[in-house]
Amino acid sequence: AITRGGTNLVISLAFLFAGCAGSGSGGPGADLMKAGCYDEAVAVLETASAARPRDANLQRNLGIARLKNGDAKGAVENLSAAQTLKGKDSTTLFFLGRAHETLGANGAAADAYTRYIALKPDDAEVRTRLRLVNLKRIRSEIEDAVKNESNRRADIPENTLAVMPFQNLT
């Protein structure tokens, strides 16, 4: 016998699975993505994208689904393709920046965020993300320089000071 609590669990699970089934309105995979069913969304979008490889929106949505599903490398591939097809799509640029950031490619993330800000200059979240990836990139460059410093053998006078080049981070 199913208790009242068990019935609620069964009903909740039924709604969850029904949500993942999707109705198809809003384009291929849209309902699946809204329901958080990224595995299924990737499968549907891959099929649709294979049939229409030059559809920037399909490439973008497939890239977003892959990113949310944990495949940042695949996301970069699809989002880069979408960006090539439709260069001024701010959503594509935002998620391309996020995918690069996830991979630790801070220079590429900064490039995507900079292009995004050119389209939407008032977006404070992306401005903040741009500052953060630039700081990470600079920190990485400094760490590499310090590592390489110990490998160098040169007669450098003790009163020598090394100054890193600075750039505007905004």
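By convention here, the first residue in the shown sequence is residue 1.
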Does any part of the side chain of [Y], heavy atoms only, come nearer than 4.5 Å to the side chain of [X], both counted from C-beta?
{"X": "Lys68", "Y": "Phe95", "value": "yes"}
{"X": "Lys120", "Y": "Phe94", "value": "no"}
{"X": "Asp55", "Y": "Asn57", "value": "yes"}
{"X": "Arg127", "Y": "Pro121", "value": "yes"}
{"X": "Leu96", "Y": "Ser80", "value": "yes"}

Taking atom [atom1] of [X] and atom [atom2] of [Y], what is their separation to the nearest 0.5 Å?
{"X": "Ile64", "Y": "Asn78", "atom1": "CD1", "atom2": "CG", "value": "10.5 Å"}
{"X": "Leu67", "Y": "Lys73", "atom1": "CG", "atom2": "NZ", "value": "15.0 Å"}
{"X": "Glu40", "Y": "Leu45", "atom1": "CD", "atom2": "CG", "value": "11.5 Å"}
{"X": "Glu101", "Y": "Tyr113", "atom1": "CD", "atom2": "OH", "value": "4.0 Å"}

What are the two closest heavy atoms between [X] and [Y], and how far apart are they?
{"X": "Ala56", "Y": "Leu85", "result": "CB-CB, 3.7 Å"}
{"X": "Gly97", "Y": "Ala109", "result": "O-CB, 3.5 Å"}
{"X": "Lys88", "Y": "Leu119", "result": "O-CD1, 3.5 Å"}
{"X": "Pro53", "Y": "Gln59", "result": "O-NE2, 3.5 Å"}
{"X": "Leu58", "Y": "Pro28", "result": "CD2-CG, 3.9 Å"}
{"X": "Leu79", "Y": "Ala99", "result": "CD1-CB, 4.3 Å"}

Measure from the side-chain N and O atoms of [X] to the backbone N and O of [Y], and report whether any donor-acceptor pair falls under 3.5 Å.
{"X": "Asp123", "Y": "Glu125", "value": "yes"}
{"X": "Thr47", "Y": "Ala43", "value": "yes"}
{"X": "Arg66", "Y": "Tyr38", "value": "no"}
{"X": "Thr102", "Y": "Arg98", "value": "yes"}
{"X": "Asn148", "Y": "Asp144", "value": "yes"}

Take Leu93 and Gln83, measure what side chain to side chain contact (heavy atoms under 4.5 Å, CB included) needs, and give me the verdict at the end.
CA-CA 7 Å; Leu93 292 169; Gln83 198 273 321; 3.7 Å; yes
Evaluation steps, salt bridge (charged side-chain N to carboxylate O under 4.0 Å, His left out), between Glu143 and Lys147:
CA-CA 6 Å; Glu143 288 171 357; Lys147 285 179 191 173; 5.6 Å; no
Would Asn134 and Asn106 count as having a side-chain donor-acceptor pair, cut-off 3.5 Å?
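There is no such pair (donor and acceptor under 3.5 Å, judged by atom type) between the side chains of Asn134 and Asn106.
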Residues that Asp111 engages under side-chain contact (heavy atoms from CB on, under 4.5 Å), provided they are two or more places apart
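Once residues adjacent in sequence are excluded, the partners of Asp111 under the side-chain contact (heavy atoms from CB on, under 4.5 Å) criterion are Arg115.
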Is it possible for you to say whether Leu62 and Leu103 belong to one hydrophobic cluster, with membership spreading through side-chain heavy-atom contacts below 4.5 Å?
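Yes; Leu103 is reachable from Leu62 via cluster members.
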